[in-house]
Protein chains: 2
Amino acid sequence: MTIQEPATARPAGRPRSEKAEKAIIDATLDLIGEGTGLVELSIEAIASRAGVGKTTIYRRWSNKEDLVADALATLQAPLPRLAGVSVRDDLIVLLDSMRSEAGQVRTRCVMNIAFSESDRYPRLMERFVDIAVEPRRQAMREVIRRGIASGELRPDIEVEMSMAILSGAMIWHHKWGPADGLPADLAERIVDHLLPGLAA
Amino acid sequence: MTIQEPATARPAGRPRSEKAEKAIIDATLDLIGEGTGLVELSIEAIASRAGVGKTTIYRRWSNKEDLVADALATLQAPLPRLAGVSVRDDLIVLLDSMRSEAGQVRTRCVMNIAFSESDRYPRLMERFVDIAVEPRRQAMREVIRRGIASGELRPDIEVEMSMAILSGAMIWHHKWGPADGLPADLAERIVDHLLPGLAA
DNA sequence: TCGATACGCAACAGTACCGTTTCGAAATGG
DNA sequence: CCATTTCGAAACGGTACTGTTGCGTATCGA
């Protein structure tokens, strides 16, 4: 009976500051967003940016990888709502959400990391893929499958290959396209350029 | 009359060792090929790997960027010969050369750098693009233009967009495809998947 | 032979970050 | 009030690299 709420039992003593925790995560994302690679990203810089002692960081995360993983997990942008009417429209919405996210500094640098440091931080990347990449992949997969089922797309196209082509085109522009933002109608142009080859 | 050959006049004293120079370049490429990013790449590590004093490096290059730029310049892989018969065959050859180069460790890591560190080392990337990317881009551009001229491709396709799609698909696989090497027929599958939409 | 330059090597002071420890102050429950 | 825990700040010893300098040796032209 003395035990009331074991799940929320406070362990006595000063509670951890949620403000500090948020500041640490924000500082981490800020630094990554400014182009700091994972290797150069230092706990000291994060602490300084967050206005926090290093102790406060080490008390919560034992290493850089864990911290960054938690920080990236908070980025989880919402998936766009799909109308589900036409394949063309849905694909455009999906690709255009890639485009607009690519315009944000944070996403941009997270993508850089996903490209360059996947070899060095495999566990981190695995987690990042689960959180950010796979849901989008799944959404696009379903759009294409639905298109095949409805007869809008040829039944003999390879689903995964089509996804690779659509995403690849957007990634290519993201990386080597005009530096001053991608054109607003890019997603539309990509889809319309590809659809004739995929349509039934 | 005393001046004989100003261009090749040796400045008196011991000449610089070409062997050392080559060893430094090789060590640099080796380290990059092992996944060392530009930031972590240290002059000391290069000197140690090359069996060379740091002095010998600093005497030639005043900073890391210059050294890496010269090192990358030596990579210049030869462009594949194109038959020039059919657009399909030429595109497959071009994409397949991307595939096979992507299998080499050095190229793989150079591409990682091209993706991730282009913001941080813009001059370096500019040079890299001139040396390695632009010639391939130009080759593909000409294949597509020739295809349009010959009537193999629709006259209304956007050349640059088509290039982005073809290259993007290969890059996507390079980055997120199976880790144990890309399938041998990947280039063929990409081209055949896309060509129906581009053909006249 | 002599001057000049390059060589590999080792040492230098300087910088940055690591992960840990210590400090006094602040915040909580009993 | 007191025990406990966290807070920000500062300092610790340790590691790694920076760019520079001096050393003795090797290799060239004159």
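Keep in mind that the numbers below use all heavy atoms, side chains included, and drop hydrogens, waters and symmetry copies. Chain letters run A, B, ... following the sequence lines, proteins first, then strands; residues in each count from 1.
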Checklist outcome for this item: 5'-most contact on DNA chain C (nearest-nucleotide basis), A/Lys64 vs B/Arg14, goes to B/Arg14

Checklist entry - Nearest to the side chain of A/Thr55 - D/dG19, D/dG8, D/dA9? => result D/dA9

Item to check | Any donor-acceptor N or O pair under 3.5 Å, side chains A/Ser150, A/Glu152 | outcome: yes

Would you list the atom pairs, donor with acceptor, under 3.5 Å between side chains in residues 20-33 of chain A and any protein atom, with sequence neighbours excluded?
from, atom 1, to, atom 2, distance (Å)
A/Glu21, OE1, A/Arg60, NE, 2.6
A/Lys22, NZ, A/Asp26, OD2, 3.2
A/Thr28, OG1, A/Ile24, O, 2.7
A/Asp30, OD1, A/Arg106, NH2, 2.9

Item to check | Listed nucleotide nearest any side-chain atom of A/Ser42, set C/dC18, C/dT28, C/dC7 | outcome: C/dC18

Checklist entry - Taking the side chain of B/Ser17 as heavy atoms from C-beta outward, which of D/dA9, C/dC7, C/dA10 is closest to it? => result C/dC7

Checklist entry - Could you give the CD1-to-P distance, from B/Ile57 to C/dA6, as a whole number of Å? => result 15 Å

Next on the checklist: What is the separation between atom CG on A/Asn63 and atom C1' on C/dC17, rounded to the nearest whole Å?
Outcome noted: 16 Å

Checklist entry - Hey, is the side chain of B/Arg60 poking within less than 4.0 Å of OP1 or OP2 on C/dC7, counting only N and O atoms? => result yes

Next on the checklist: If I take atom CG in residue B/Leu38 and atom P in nucleotide D/dT18, what distance separates them, rounded to the nearest angstrom?
Outcome noted: 13 Å

Checklist entry - Whole-Å distance between D/dT18 P and B/Glu40 CD? => result 12 Å

Next on the checklist: With a 4.5 Å cut-off on side-chain heavy atoms, are A/Leu94 and A/Asp90 touching?
Outcome noted: no

Checklist entry - What is the distance from CD1 of A/Ile46 to C1' of C/dA16, rounded to the nearest Å? => result 15 Å

Checklist entry - For the atom pair CD1 (B/Ile46) and CG (B/Leu67), what is the distance rounded to the nearest 0.5 Å? => result 5.0 Å

Checklist entry - Going by distance alone, is a donor N or O of one side chain under 3.5 Å from an acceptor N or O of the other, for B/Gln138 and B/Glu142? => result yes

Item to check | Residue A/Val52, side-chain heavy atoms: nucleotide from D/dG8, C/dG8, D/dT18 that is nearest | outcome: D/dG8

Checklist entry - Please give, in whole Å, the distance from D/dT6 P to A/Tyr58 OH? => result 18 Å

Item to check | DNA chain D: 5'-proximal contact among B/Ala45 and A/Gly53 (nearest heavy atom) | outcome: A/Gly53

Checklist entry - So which nucleotide from D/dT6, D/dG19, C/dG19 ends up closest to the side chain of A/Arg59? => result D/dT6

Checklist outcome for this item: Closest to the 5' end of DNA chain C, once B/Ala12 and B/Lys54 are matched to their nearest nucleotides, is B/Ala12

Checklist entry - Among the nucleotides D/dC17, D/dG8, C/dC7, which one has an atom lying closest to any side-chain atom of B/Glu44? => result D/dC17

Checklist entry - Rounded to whole angstroms, how far apart are CD on B/Glu18 and P on D/dC28? => result 12 Å

Checklist entry - Separation of A/Lys19 atom NZ from D/dT6 atom P, in whole Å? => result 18 Å

